[in-house]
S.K.: 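Can you read through this structure? Questions will come right after.
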Amino acid sequence: MHRQDHRLERLDDHWLRLPNPWDVPALVCAGTDVPLEPAAVDEALALLETAASLEALSAATGGPPARITRLALTPDFHKGAGIPIGTVIETEHALLPQAVGNDVNCGMRLEVTTLTADDVRPRLPALERRLRHLFFEGGRRIALSPAQREALLRDGVPGLLLTGAAPWAGLGDRDADDSLDRVHAPAFPTGTAEAFADWIGSAGATRHEATHDSVIGGIGGGNHFVELQYVARVHDPAAAHAFGLAPGTVVLMAHSGSLSLGHQANGTARDLLRATWPAGLPRPANGVLPFLLDERTAPARRRYLDAFGNAANFAAGNRFFLALTMRAGLAAECGDLEARLLYDAPHNLFWPDGDRVVHRKGATPAGGHAAVRGGPYAPWGEPVIVPGSMGAASYVLRGHGDPRTLASACHGAGRRVPRGAAARGGDAELDAFLAEFRVVTPLDHRDPVVARRGDVMAAWRRDLNQEAPWAYKDVGPVVESLRAGGVAAPVAELRPLLTVKG
DNA sequence: ATGTTC
């Protein structure tokens, strides 16, 4: 039992309430053994001050009465850059770009293969060499034409596939037709991809000449990874059977986002919000600038929504390519395999619904039966993928659509040590860990830089230290909070075989 | 998280 933060009121063993002067319903799903970070509670209370900003903005502009209708914090919530990671916030007549986080559509992709752990284990050393080449030594040659890049940004993976051939050399020609009812957010149709004209035209000499570029197929940094795992334990045999998660089955998991594109979209939002802020109205002390959903901001919102949609489409498409790259490595070293998408789920997005908008920052949808009506998961609830920290187990759960979290679950174990602080554990401890868990990185202290600059972002040792297991909470109590709190039920536990860190 | 370097 951890000492209770005096600002949180415990309702029962699994739920707390965050009282606030604006009477916004604000609940936290967390068991008594989950440590809660006071600095993150500070941030949540500061975010709730946006209730006052919205009132002032509506009054100053004569716009519709905007308000916060609900706040929820997931069991892994921790301090972010202004707004906690693990925040779900629902607004009415307002949109808060900052409540999505910088990395637009950061999320998870999980594929179930026809291989078993016994098939893969003897091949791990060879697979490590192969993946080092495929991900970091120029082996990643994913050829796209400017027209295909534009199609991906404007209409997502479905739009990309409509462009015809799939010339992603060396990665097979498999398309993603099987994925459309297994992707939470398959596409964000946008009117334009003008915000990313430079990237679209970057490497191609002509509109239809397909070339590789330095962005597509990159993993990213921080807690992002591509990992081979096996089903180590089944918690819900019927659901696990339906999901294809038999014990010993090898799965591949990608955790990645929109790389630089989401940041650029957020820069667009920041500029537009400042430019459209009413003259004479003081900017909010908490730094959170809302778009009011009225005619006045419609042109600015349109520009932002296009850039946001472009970045979101890129992120899901890039996860598709990351999975293709891992499949190519597996096929080369372990023989023919099938790999079927289980689910692609976002962590950082917003969901408009009439006058209301649900925003998730570092939280994942955990809808119930109704959310996946007609799809393959209708009998079970939405798949929820909770990645473990480096070396730790990950979990697949099924959502219950709990309104107390706005049908949301957590996106990991949650940091224990802030990113900026030195993580506990020295070099020797990290060396031992890296040897044990076969972490493939382009920058390995035993094997100096193998990546060409510009072809890949190097995994800096400093970053690996920040991602070491001891920098994170235990995932067990976090997942148990979701189960006991009624948010989602564990289906299976996945343990790592080999991790590729960006 | 990003992309990289005082």
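Proteins get letters first, then strands, A, B, ... in listed order; numbering begins at 1 in each.
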S.K.: Could you tell me how far apart A:Asp463 (CG) and B:dT2 (C1') are, to the nearest whole angstrom?
M.R.: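 It is 10 Å, rounded to the nearest whole Å.
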S.K.: Atom NE2 of A:His255 and atom C1' of B:dT2: how far apart are they, to the nearest Å?
M.R.: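 Going from NE2 in A:His255 over to C1' in B:dT2 covers 14 Å.
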S.K.: Inspect the contact between A:Glu92 and A:Arg70 and indicate whether a charged nitrogen and a carboxylate oxygen are less than 4.0 angstrom apart.
M.R.: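 Judged by the 4.0 Å cut-off on N to carboxylate O distance, A:Arg70 and A:Glu92 do not form a salt bridge.
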S.K.: Atom CG of A:Asp213 and atom CG of A:Leu144: how far apart are they, to the nearest 0.5 Å?
M.R.: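 With rounding to 0.5 Å, CG (A:Asp213) is 7.0 Å from CG (A:Leu144).
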S.K.: Could you tell me whether A:Arg302 atom CZ has more than 12 heavy atoms of other residues or ligands within 6.0 Å of it?
M.R.: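 Count not over threshold, so no.
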S.K.: Check A:Arg327 with A:Glu111, please: is the shortest side-chain N to carboxylate O separation under 4.0 Å?
M.R.: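 Yes, A:Glu111 and A:Arg327 are salt-bridged.
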S.K.: Just how far, in rounded Å, is P of B:dT4 from CZ of A:Arg419?
M.R.: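 Interatomic distance, CZ of A:Arg419 to P of B:dT4: 17 Å.
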S.K.: Can you tell me the distance, in whole Å, between the CD1 atom of A:Ile85 and the C1' atom of B:dT2?
M.R.: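 In whole Å, B:dT2 C1' and A:Ile85 CD1 are 13 Å from each other.
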S.K.: Find the distance A:Lys501:NZ to B:dT2:C1' and express it as a whole number of Å.
M.R.: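 Going from NZ in A:Lys501 over to C1' in B:dT2 covers 14 Å.
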S.K.: OP1 or OP2 of B:dG3 sitting under 4.0 Å from any side-chain N/O of A:Ser260?
M.R.: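 Answer is yes, contact under 4.0 Å.
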S.K.: A:Gln466 has an atom CD; how far is it from atom P of B:dT4, in whole Å?
M.R.: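 That distance rounds to 18 Å.
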S.K.: Separation of A:Leu259 atom CG from B:dT2 atom P, in whole Å?
M.R.: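 Roughly 6 Å, once rounded to whole Å.
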S.K.: Could you state the atom-to-atom distance from NE2 of A:His347 to P of B:dT2 in whole Å?
M.R.: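 Roughly 13 Å, once rounded to whole Å.
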